[in-house]
Undergrad: 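One structure, pasted below without further comment.
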Amino acid sequence: MVDWIVPHPHGIHVVPADVWVDPGRPVDRALVTHGHADHARGGHAHVLATPETLAIMDARYGAQAGGQPVGPGEVVRMGDVDVRFVPAGHVLGSAQVVLEHKGERVVVSVDYKRAPDPTCLPFEPVPCDIFVSEATFGLPVFLHPPVRGEIDKLLAALRANPDRCVLVGAYALGKAQRVVAELRAAGFDEPVYLHGAMLKLFALYETLGVRLGDVRPVGTFKGDELKGRIVVAPPSASGDRWSRRLPDPITAMASGWMRVRQRAKASGIELPLIISDHADWAELTATVAEVRPGELWVTHGRDDALVHWCEMRQQKARALAMVGREDEDDEMAAAGAA
């Protein structure tokens with residue numbers, strides 16, 4: 001089939017444009033899908049991405065000297081390849097890279113979700129010859145519930161324990177902001193208290209037009225003042241000395257992995273919240289059926305089941321041997337808590 005796009009362990013090379021998609025090491029020209037560290041790396045000479053992703057990269061790695069923002073509907077010609085970005089629904093600024101060359105279309109979606117998210121644009125399906133997808137939750141057991149129900153669980157725990165606080169572990173980019181935005185959508189307008197590691201990205205979200213309401217640094221408040229409050233922190237913070245200042249916290253974790261009860265129990269999570277920024281099994285399979293690619297490429301995750309599902313339906317599929325693709329939705333594992 002398409003022979004002008006070549007997967008390598010450290011990235012996907014678009015040969016006629018001599019550009020890489022989400023390269024894992026510095027290159028001359030990179031197309032970056034979103035701001036998570038396993039996709040957006042510093043050191044590239046020239047970076048094309050959405051304006052929001054470039055702003056996130058600037059905040060995390062310093063100013064991107066060769067940064068070129070690509071706006072909605074804009075097509076950039078690179079060699080003989082037309083490049084555009086369409087929303088992926090993963091986190092703020094996340095995009096699928098649509099590549100067109102000699103009548104063939106490749107869509108590199110990498111990380112995405114189909115569930116509504118008040119902090120980012122929804123996924124936009126694009127029919128294509130090759131669809132490059134993740135499979136983080138690529139097993140039939142993973143079916144994410146509606147987020148509103150998980151937020152209601154959080155608020156019920158808060159009301160039932162007025163002398164405690166709820167400490168929500170959430171990844172600093174995307175998940176934490178989504179949890180707060182979903183709380184606001186549920187009518188919770190009280191202050192939300194943030195670990196210091198969250199402050200910079202929350203401020204950036206506000207600058208980029210995502211309104212998150214009254215958020216405050218937790219470090220300026222004493223224990224009793226945080227009774228009956230919600231605190232949001234990186235997953236690794238719930239088990240360190242920092243959390244000891246909090247008034248008998250109810251430990252919560254916002255992650256798609258909270259579907260696995262044994263994992264939540266082993267991690268000492270009292271209130272598991274199944275909130276993910278990745279597509280679940282039903283969304284993965286429905287998306288493949290919708291975009292109807294000539295071939296599916298799976299970059300990372302539970303690829304065997306998704307490839308098998310495709311093959312049972314006479315859909316060509318293959319798993320790619322990509323390296324350095326860690327699941328930001330599973331930061332607790334990286335922190336040694338799982």
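Since the model is a prediction, treat every value here as computed from it, not as a measurement.
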Undergrad: Same cluster for V86 and V132 if Ile/Leu/Val/Met/Phe/Trp/Tyr side chains link at under 4.5 Å?
TA: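 Different clusters: V86 never reaches V132 through Ile, Leu, Val, Met, Phe, Trp or Tyr contacts under 4.5 Å.
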Undergrad: Please give me the minimum heavy-atom distance between V298 and A135, naming the atom from each residue.
TA: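 Residues V298 and A135, closest heavy atoms: CG1-CB, 3.6 Å.
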Undergrad: Counting C-beta onward and ignoring hydrogens, is there a side-chain heavy-atom pair between D111 and S94 closer than 4.5 Å?
TA: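 When only atoms from C-beta onward are counted, S94 and D111 do not touch, as no gap falls below 4.5 Å.
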Undergrad: Does a side-chain heavy-atom distance below 4.5 Å link F202 with V192?
TA: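 Result no, sub-4.5 Å side-chain heavy-atom pair not found.
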Undergrad: Could you give the distance from CD (Q262) to NZ (K265), rounded to the nearest 0.5 Å?
TA: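 It is 8.5 Å, given to the nearest 0.5 Å.
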Undergrad: For the atom pair OG1 (T285) and CD (E290), what is the distance rounded to the nearest 0.5 Å?
TA: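 Here the interatomic distance stands at 11.5 Å.
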Undergrad: Within the distance-only criterion (no hydrogens, no angle test), does the side chain of T53 pair as donor or acceptor with the backbone N or O of T50 below 3.5 angstrom?
TA: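 Looks like no, no N/O pair under 3.5 Å.
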Undergrad: I want to check something: taking the side chain as every heavy atom from C-beta on, are S133 and T287 in contact at a cut-off of under 4.5 Å?
TA: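 When only atoms from C-beta onward are counted, T287 and S133 do not touch, as no gap falls below 4.5 Å.
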Undergrad: Measure across P16 and W4 and return the closest heavy-atom pair with its distance rounded to 0.1 Å.
TA: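 Shortest heavy-atom contact: CD-O, 3.3 Å.
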Undergrad: Can you give me the closest heavy-atom contact between P69 and L54, atom names plus distance?
TA: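 Minimum heavy-atom separation between P69 and L54: N-CD1, 3.3 Å.
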Undergrad: Is there a path of hydrophobic side-chain contacts, each under 4.5 Å between heavy atoms of I, L, V, M, F, W or Y residues, that connects W257 with L167?
TA: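 The answer is no; the residues belong to distinct hydrophobic clusters.
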Undergrad: Do R114 and P125 touch side chain to side chain, with heavy atoms closer than 4.5 Å?
TA: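 Heavy-atom side-chain distance check passes, below 4.5 Å.
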Undergrad: Under 3.5 Å, side chain of E283 to main-chain N/O of D280, donor-acceptor pair present?
TA: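 Yes; at least one donor-acceptor contact below 3.5 Å.
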Undergrad: If you take all heavy atoms of V107 and V98, which pair is closest and at what distance?
TA: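 Reported closest heavy-atom pair: CG2-CG2, 4.2 Å.
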Undergrad: Let me know which of R302, H300, H278 forms a side chain to side chain donor-acceptor pair (under 3.5 Å) with E134.
TA: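 Looking at R302, H300, H278, the match for E134 under the side chain to side chain donor-acceptor pair (under 3.5 Å) is H278.
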Undergrad: Of the non-hydrogen atoms in G42 and P26, which two are nearest, and what is the gap between them?
TA: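 Taking every non-hydrogen atom into account, O-CG, 4.1 Å.
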Undergrad: For the residue pair I12 and V97, establish whether any side-chain heavy-atom pair is separated by less than 4.5 Å.
TA: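 SC-SC contact between I12 and V97 ruled out.
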Undergrad: Would the distance check show the side chain of Q96 and the main-chain N or O of P87 forming a donor-acceptor pair, the cut-off being under 3.5 Å?
TA: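 The answer is yes, because a donor-acceptor pair under 3.5 Å joins these two groups.
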Undergrad: Closer than 3.5 angstrom, by distance alone: can the side chain of H46 be matched with the main-chain N or O of G66 as a donor-acceptor pair?
TA: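 Answer holds: yes.
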Undergrad: Closer than 4.0 angstrom, basic N to acidic O: yes or no for R84 and E74?
TA: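 Salt bridge absent between R84 and E74.
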Undergrad: What about V168 and F221, same hydrophobic cluster or not, with Ile/Leu/Val/Met/Phe/Trp/Tyr joined at side-chain heavy-atom distances under 4.5 Å?
TA: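 They do not share one cluster, since no chain of ILVMFWY contacts under 4.5 Å joins V168 to F221.
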Undergrad: Just so I know, are the side chains of L99 and L31 near enough to count as touching, which here means a heavy-atom distance under 4.5 Å?
TA: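 When only atoms from C-beta onward are counted, L31 and L99 do touch, with a gap below 4.5 Å.
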Undergrad: Would a distance-only check, ignoring hydrogens and angles, find a side-chain to backbone donor-acceptor pair under 3.5 Å from E206 to L212?
TA: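 Checked: pair present.
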Undergrad: Working note: V108 + W297, criterion side-chain contact (heavy atoms from CB on, under 4.5 Å); need CA distance, chi angles, decisive distance, verdict.
TA: CA-CA 9 Å; V108 184; W297 292 0; over 6 Å; no
Undergrad: Could you walk me through whether D248 and D163 pass the side-chain contact (heavy atoms from CB on, under 4.5 Å) test, one step at a time?
TA: CA-CA 8 Å; D248 191 17; D163 291 330; over 6 Å; no
Undergrad: Does the pair R164/E270 count as a salt bridge with the N-to-O cut at 4.0 Å?
TA: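 Yes, this pair counts.
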Undergrad: Looking at R313, I'd like to know if its CZ atom is crowded, meaning that more than 12 non-hydrogen atoms belonging to other residues, nucleotides or ligands lie closer than 6.0 Å.
TA: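 Above 12, so yes.
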Undergrad: Is it the case that more than 12 heavy atoms not belonging to R77 sit under 6.0 Å from its CZ atom?
TA: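 Count over threshold, so yes.
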Undergrad: For a 4.5 angstrom cut-off between non-hydrogen side-chain atoms, does P235 reach M253?
TA: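 Counting from C-beta outward, P235 and M253 do come under 4.5 Å.
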Undergrad: Hey, is the main chain of L92 close enough, under 3.5 Å, to the side chain of T119 for a donor-acceptor pair?
TA: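 No; zero donor-acceptor contacts below 3.5 Å.
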Undergrad: Keeping K113 on the side-chain end and G89 on the backbone end, is there a donor-acceptor pair under 3.5 Å?
TA: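 Yes.
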Undergrad: Determine, using the 4.5 Å side-chain heavy-atom cutoff (strictly less than), whether V32 and V76 are members of one ILVMFWY cluster.
TA: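 Each belongs to a different hydrophobic cluster.
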Undergrad: In Å, rounded to the nearest 0.5 Å, how long is the span from SG of C310 to CG of L284?
TA: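 Here the interatomic distance stands at 9.5 Å.
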Undergrad: Find the distance between CZ (R259) and OG (S276) and round it off to the nearest 0.5 Å.
TA: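 Interatomic distance, R259 CZ to S276 OG, rounded to 0.5 Å: 11.0 Å.
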Undergrad: Is it the case that the side chain of K153 and the backbone of L271 share a donor-acceptor pair, with hydrogens and angles ignored and the cut-off at 3.5 Å?
TA: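 No, the answer is negative, given that no donor and acceptor are paired below the 3.5 Å cut-off.
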Undergrad: Taking the six-membered ring for Trp and the full ring for Phe, Tyr or His, determine whether the centres of Y171 and H36 are under 6.0 Å apart.
TA: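 Between Y171 and H36, the centre distance is under 6.0 Å.
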Undergrad: Check the orientation of H8 and W20. Use parallel for under 30°, tilted for 30 to 60°, and perpendicular for over 60°.
TA: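 The arrangement is tilted - the two ring planes meet at 30° to 60°.
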Undergrad: Measure the spacing between CZ of F131 and CD of Q315 and express it to the nearest 0.5 Å.
TA: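 Here the interatomic distance stands at 10.5 Å.
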Undergrad: Do H44 and P23 make a side-chain contact, defined as non-hydrogen atoms from C-beta onward lying under 4.5 Å apart?
TA: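 Side chain of H44 against side chain of P23, heavy atoms only: contact under 4.5 Å found.
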Undergrad: Please state whether the rings of F123 and Y112 are parallel, tilted or perpendicular, taking 30° and 60° as the class boundaries.
TA: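 Rings of F123 and Y112: tilted, 30 to 60°.
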Undergrad: Going through the checks in order, is the side-chain contact (heavy atoms from CB on, under 4.5 Å) test met by L306 and F137?
TA: CA-CA 10 Å; L306 186 57; F137 293 106; over 6 Å; no
Undergrad: Would you say R292's side chain and P127's backbone share a donor-acceptor pair under 3.5 angstrom?
TA: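 No; judged by distance alone, with no hydrogens or angles, the pair does not exist.
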Undergrad: Please determine whether residues M198 and Y205 belong to a single hydrophobic cluster, defined as Ile, Leu, Val, Met, Phe, Trp and Tyr linked transitively by side-chain heavy-atom distances below 4.5 Å.
TA: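 Yes, M198 and Y205 fall within the same hydrophobic cluster.
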Undergrad: Is there a donor-acceptor contact under 3.5 Å from the side chain of K200 to the main chain of A59?
TA: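 At least one qualifying donor-acceptor pair exists.
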Undergrad: More than 12 foreign heavy atoms under 6.0 Å from CZ of R318: is that the case here?
TA: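 Yes, the 6.0 Å shell around CZ holds more than 12 heavy atoms from other groups.
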Undergrad: Work out which heavy atom in P145 is nearest to a heavy atom in I274; give both atom names and the distance.
TA: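 For P145 versus I274, the nearest heavy atoms are CD-CG2, 3.4 Å.
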Undergrad: Among H34, R41, H39, which residue meets the side chain to side chain donor-acceptor pair (under 3.5 Å) test with D22?
TA: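 Single pass found, and it is H39.
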Undergrad: What's the spacing between H101 NE2 and D129 CG if we round to 0.5 Å?
TA: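 If I round to the nearest 0.5 Å, the distance is 12.0 Å.
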Undergrad: Please evaluate residues V166 and L155 with respect to the criterion side-chain contact (heavy atoms from CB on, under 4.5 Å), reporting the C-alpha separation (whole Å), side-chain torsions for both, the decisive distance (0.1 Å), and the verdict.
TA: CA-CA 9 Å; V166 178; L155 293 174; over 6 Å; no
